[in-house]
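Data block below; observations after.
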Number of protein chains: 2
Amino acid sequence: MSPRPDVRDERVNQILDAAELVFAQKGFNQARMEDIAEEAGLSKGTLYLYIKDKDDLIVSILDRIFTGVFELMSTRDLAEKSATDALLDFASKMSHGYQKLSRLLPIAYEFFSLAFRNPVVQKVLKTYLQHYLESVLPVIQRGVDSGEFKEVDPQEVAIAFAAIFEGTTLLWAYNQELIHLDQHILAGVNLLLEGIWA
Amino acid sequence: MSPRPDVRDERVNQILDAAELVFAQKGFNQARMEDIAEEAGLSKGTLYLYIKDKDDLIVSILDRIFTGVFELMSTRDLAEKSATDALLDFASKMSHGYQKLSRLLPIAYEFFSLAFRNPVVQKVLKTYLQHYLESVLPVIQRGVDSGEFKEVDPQEVAIAFAAIFEGTTLLWAYNQELIHLDQHILAGVNLLLEGIWA
DNA sequence: TATAAATAACTGACCAGTCAGTTATTTATA
DNA sequence: TATAAATAACTGACTGGTCAGTTATTTATA
């Protein structure tokens, strides 16, 4: 018999949305809980009804992001295509996904930095690479088995693809005039593909 | 005649060394000036005889790093070699250089994050890419002109190479068991080269 | 009216930067 | 050569402001 309707889920998302925005604008340390509260249209005290503390926001935001990206990385729908087409589709999906998440890039790099001293964050990032490899390795292996690709080391190729995704994104992050995410990821992927075609 | 020898340069470097170490360990915001003073073997008050404030340390450290890396990126000594060998030598030089600087990686990603809100940092990073392109573009162009490479867009290729450097380093940063910087940068570069050979 | 939801006011730990005072080294001169 | 004067180098206690997290109180509704 609640005297008020349960608004927990709504409030939590409201707070995480606000925290993402404020963290991206000011960085984790400069962001004040007061700022997040204001952005969420709540008072500071109310935040603490729904989150444990400021650190808790990091983990929650990471969770939300990676849940989304993991869905993005699925290659189940690419099983019918040639390995080349599957990789191209995957790359295009990734670069669109990254572009959509670009508002979170400042947060992402802060997390990368944080990973050096925070085991939880490091674990999350390792899991990310793991997921990626699980998605992409079978596709490359299929290309090798079918004779579509040379006898390359699939892991090396998968890592090179990942490096193109991550590296191009990083260059784009502070050079959006010179780098065009879509175009340059596609160019990089195509160069790699040229290198592995049988 | 000064009553004491001038120790300014020595002290400044001493402080920057300490700041690099402490920033890498704790991150910029968690690092206390007291910590840096202790690490430098000086008192907190003395720091302020040689630096303006905490923010000033960021710019000074960035300056020191990039001065070193810009030297590394010179391709003057590679003019005699084939474009392929020049790029391979360049890649090897870069991966060794990055490995040597790996203690600064946490700082690097904090700077990337900072670049989104700090114009000075953003400028420095842009200059970095500029320098890189000025070093690498002529080598690729030479390869195209000599018929060693296909008729590729040199800028796209240069950016793909840079993405391999930066991306592999990023993956390696939180995955040193799975990724081997030397090996995977070399593998990536070789795949790209395979893709552009005439 | 019982209680979930929200709030505004509050507290205390923290720390960048300051500055009055101290120490160490060199120079001048009796 | 002793020692006084000059000053560069250094110190650490202190201050003022900030802000994460708490609490006492009010508001809204089932």
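Convention: sequence-line order gives letters A, B, ...; per-chain numbering from 1. Atoms considered below: every heavy atom in the structure, side chains included; atoms not considered: hydrogens, waters and symmetry mates.
Under the rule for a side chain to side chain contact (heavy atoms under 4.5 Å, CB included), the partners of B:Arg142 that lie at least two apart in sequence or sit in another chain are B:Ala86, B:Val139. Taking A:Leu21 as the reference, A:Gln25, A:Glu39 meet the side chain to side chain contact (heavy atoms under 4.5 Å, CB included) condition, with sequence neighbours excluded. Contacts of B:His131 classified as ring pair (Phe, Tyr, Trp, His ring centres under 6.0 Å), with partners at least two apart in sequence or in another chain: B:Phe70. Residues that satisfy the side-chain hydrogen bond (donor to acceptor under 3.5 Å, both in side chains) test with A:Lys126, not counting sequence neighbours, are B:Glu177. Applying the side-chain hydrogen bond (donor to acceptor under 3.5 Å, both in side chains) rule to A:Asp53 yields no partners; only residues at least two apart in sequence or on another chain are considered.
In this structure, B:Leu47 atom CG and C:dG17 atom C1' are separated by 11 Å, rounded to whole Å. The distance from atom OH of A:Tyr48 to atom P of C:dA5 is 19 Å, rounded to the nearest whole Å. Atom NZ of B:Lys44 and atom P of D:dC14 are 13 Å apart (whole Å).
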Task: Dot-bracket pairing map - DNA chain D, Watson-Crick plus G-U, both contacts under 3.5 Å, | cross-strand - done: ||||||||||||||||||||||||||||||
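Listed nucleotides D:dA13, D:dC10, D:dA20 differ in distance to B:Val7; the shortest reach to its side chain belongs to D:dC10.
Here B:Val59 is tied into one hydrophobic group with B:Val120, each link being a pair of ILVMFWY side chains closer than 4.5 Å.
Of all the residues in residues 33-43 of chain A, A:Met33 reach under 4.0 Å from DNA chain D with at least one non-hydrogen atom. For DNA chain C, the residues of residues 49-58 of chain B within the heavy-atom distance limit of 4.0 Å (strictly under) are B:Asp53, B:Lys54, sorted by number. For the contact set between residues 9-31 of chain B and DNA chain D, defined by any heavy atom under 4.0 Å, the members are B:Arg11.
Within the structure, every pair that satisfies the side-chain hydrogen bond (donor to acceptor under 3.5 Å, both in side chains) test and touches residues 152-170 of chain A, not counting sequence neighbours, is listed here: A:Tyr98-A:Glu166, A:Glu156-B:Gln183. Annotation: salt bridge (charged side-chain N to carboxylate O under 4.0 Å, His left out) contacts involving residues 62-86 of chain A, sequence neighbours excluded, comprise A:Asp17-A:Arg64, A:Glu20-A:Arg64, A:Asp77-A:Lys93, A:Lys81-A:Asp89.
The side chain of B:Thr46 places an N or O atom within less than 4.0 Å of a non-bridging phosphate oxygen (OP1 or OP2) of D:dT11.
Shown here is B:Glu134, whose CD atom has more than 12 heavy atoms of other residues, nucleotides or ligands within 6.0 Å. Applying the 6.0 Å contact sphere to NZ of A:Lys123 captures no more than 12 heavy atoms from other residues, nucleotides or ligands.
For the pair A:Asp55 and A:Phe28, the minimum side-chain heavy-atom distance is below 4.5 Å. With contacts defined as side-chain heavy-atom distances shorter than 4.5 Å, the pair B:Leu133/B:Leu129 qualifies.
For the atom pair OH of A:Tyr109 and CD of B:Glu110, the computed distance is 15.0 Å after rounding to the nearest 0.5 Å.
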